[in-house]
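In listed order, ligands and their atoms are each counted from 1.
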Amino acid sequence: MKTIGMAMSFGILGSYDLLGDGRPWIAIQDPACTSKTFPKFFQALEALRTKFVAVAVDGGAASGKSSTAKVVAHELGLLHVDTGAHYRAVTRALLDAGARAEDIASVLPALAHLRLGSEISGISSVVTLDGHRPVDASLRSEDVNAAVSKFAALPAVRNFLLAYQRSQVALGQAAGFAGVIMEGRDIGSVVLPQAEVRVFLQADPVARAQRRAAEGQTDAVAQRDLLDSTRATAPLVCPEGATRIDNTHLPLVAVVAQVKALVQSVARPA
Ligand code: DC
C-alpha cells in the first residue's frame, strides 16, 4: 500500500515541468503497482499533464492505418477510433435492411432507424448498432467490402456519421485518454480538420492487395480506392500539412516511431 502511495505521489510530483520542455524527470520503475487500486492512474495523470491531442491518420485501403494507429494508441495512451468500421457497420445494417446504394429512397428510411453508440474496449472505441456490437467478421465480409464505398459516397450516409465521429473526441477526453487517434479517408480534411497531427499512409497497390490476401479477405482495394478518391463528398485525399509515409518497405515499428515522434512534438504540457 505504501509503495502504491509513493508511486502515485512521485507520479504527481513528476508532472511538474521541471525541465521546461515537457520531458519527464522522474521515472516510476513499476507503474503497474497501482493496477489494483487505480488501474488507469498513470494514463489519467498523463491526460492531465499534457494537452489532449488529436491525431488524424488517413490513407487508402490496406495502407497500414489500423496496425499503426492501434500501436501508437497503445503506447501513448490515446483512444483509437476506426472510422472505416463505422462505414462498414452502417453498410452492414443497410444491406440487412434491404437498402441499395443506387436507390436513395431505400437508404434514407433504413438510415433513420439506425441508432449508433460506442463502447470502449481496451484502447479502442467500438461502434454499436442499436446497442449491440456487430461481429467483426460480419463487417469484413465480401458483400460489405463490395458495397461499402458505394454507400460511403452518399452525402446522407456521410452526414449521418460526421457528428458521431466528431463526438469520439469528447468520449476520449471523458474516459481519461491522453488524446484520440482516428483513422479513415477524410479525417484530417473533414472530420477533425483541427487535428494537431496529420499523417497520410501509402503503400504500393501490389503490397496492399497482398496484405488483404494474407488476411484471407476478398477485397478489391484498388477499386475501392478509386471510388473513395473520386467521390464528390469528402474524397480520400492527403490532407493539407499531412506527413506522407510510404510503408511499402517499412516495418511497422518504423512507421509507429515516426508517428509517435510527431505526436510527442505537439503533446507539450497543457
Ligand atoms: O478503412 P476501411 O477499409 O475499413 O474502410 C472501409 C470503407 O469505408 C472505405 O473503402 C471507404 C469508407 N470510409 C470513408 O469513406 N471514410 C472514412 N473516413 C473511412 C472509411
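Proximity to Ser149 (heavy-atom distance under 4.0 Å) selects the following atoms of ligand 1: 10 (O). Every atom of ligand 1 with a heavy atom of Arg224 under 4.0 Å away is listed here by number and element: 2 (P), 3 (O), 5 (O), 6 (C), 7 (C), 9 (C), 10 (O). Short contacts between ligand 1 and Asp186, defined as distances under 4.0 Å to a heavy atom of the residue, involve ligand atoms 16 (N), 17 (C), 18 (N).
Between the CD1 atom in Ile181 and the CG atom in Leu76 there is a gap of 8.0 Å [rounded to 0.5 Å]. Between the CG atom of Leu236 and the CD1 atom of Ile187 there is a distance of 11.0 Å, given to the nearest 0.5 Å. Distance check, rounded to the nearest 0.5 Å: CG of Asp58 to CZ of Arg185 gives 8.5 Å.
Contacts with ligand 1 closer than 4.0 Å are made by no heavy atom of Glu183, backbone or side chain. Residue contacts with ligand 1, taken as heavy atom pairs separated by less than 4.0 Å, involve Val148 solely via side-chain atoms from C-beta onward. Neither the backbone nor the side chain of His86 comes within 4.0 Å of ligand 1, counting heavy atoms alone.
The shortest contact between atom 4 (O) of ligand 1 and any protein heavy atom is with Arg88 NE, 2.7 Å. At the shortest separation from atom 11 (C) of ligand 1 among protein heavy atoms lies Asp228 OD2, 3.2 Å. Looking from atom 19 (C) of ligand 1 to the surrounding protein, the closest heavy atom is Thr83 OG1, 3.4 Å. Arg158 NH2, 3.0 Å is the protein heavy atom nearest to atom 16 (N) of ligand 1. Nearest protein heavy-atom neighbour of atom 12 (C) of ligand 1: Ala152 CB, 3.8 Å. Of the protein's non-hydrogen atoms, Tyr87 CD1, 3.5 Å is the one closest to atom 13 (N) of ligand 1.
Put simply, part of Arg231 is less than 4.0 Å from ligand 1, judged by heavy atoms.
Under the 3.5 Å distance criterion, the side-chain polar atoms of Arg212 are left unmatched by any main-chain donor or acceptor of Ala220.
Ser118 and Gln168 share a donor-acceptor pair across their side chains, judged by distance under 3.5 Å alone.
What you find for Glu183 and Ser66 is that their closest heavy atoms are OE2-OG, 2.8 Å.
Grouped with Leu108 in one hydrophobic cluster are Tyr87, Val90, Leu94, Leu95, Ile104, Val107, Leu111, Leu114, Leu116, Val127, Leu129, Val144, Val148, Phe151, Leu154, Val157, Phe160, Leu161, Tyr164, the linkage being side-chain heavy-atom contacts under 4.5 Å among Ile, Leu, Val, Met, Phe, Trp and Tyr residues.
Salt-bridge check for Lys70 with Asp82: failed, with every basic side-chain N at 4.0 Å or more from each acidic carboxylate O.
The option with the heavy atom closest to atom 5 (O) of ligand 1, from among Arg212, Arg185, Gln223, is Arg185.
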Side-chain donor-acceptor contacts of residues 196-207 below 3.5 Å, not counting sequence neighbours, with atom names and distances?
{"unit_1": "Glu196", "atom_1": "OE1", "unit_2": "Ala54", "atom_2": "N", "d": "2.8"}
{"unit_1": "Arg198", "atom_1": "NE", "unit_2": "Ala195", "atom_2": "O", "d": "3.2"}
{"unit_1": "Arg198", "atom_1": "NH1", "unit_2": "Gly188", "atom_2": "O", "d": "3.4"}
{"unit_1": "Arg198", "atom_1": "NH1", "unit_2": "Pro193", "atom_2": "O", "d": "3.3"}
{"unit_1": "Arg198", "atom_1": "NH2", "unit_2": "Pro193", "atom_2": "O", "d": "2.4"}
{"unit_1": "Arg198", "atom_1": "NH2", "unit_2": "Ala195", "atom_2": "O", "d": "3.2"}
{"unit_1": "Gln202", "atom_1": "OE1", "unit_2": "Arg244", "atom_2": "NH1", "d": "2.6"}
{"unit_1": "Asp204", "atom_1": "OD1", "unit_2": "Val206", "atom_2": "N", "d": "3.0"}
{"unit_1": "Asp204", "atom_1": "OD1", "unit_2": "Ala207", "atom_2": "N", "d": "3.0"}

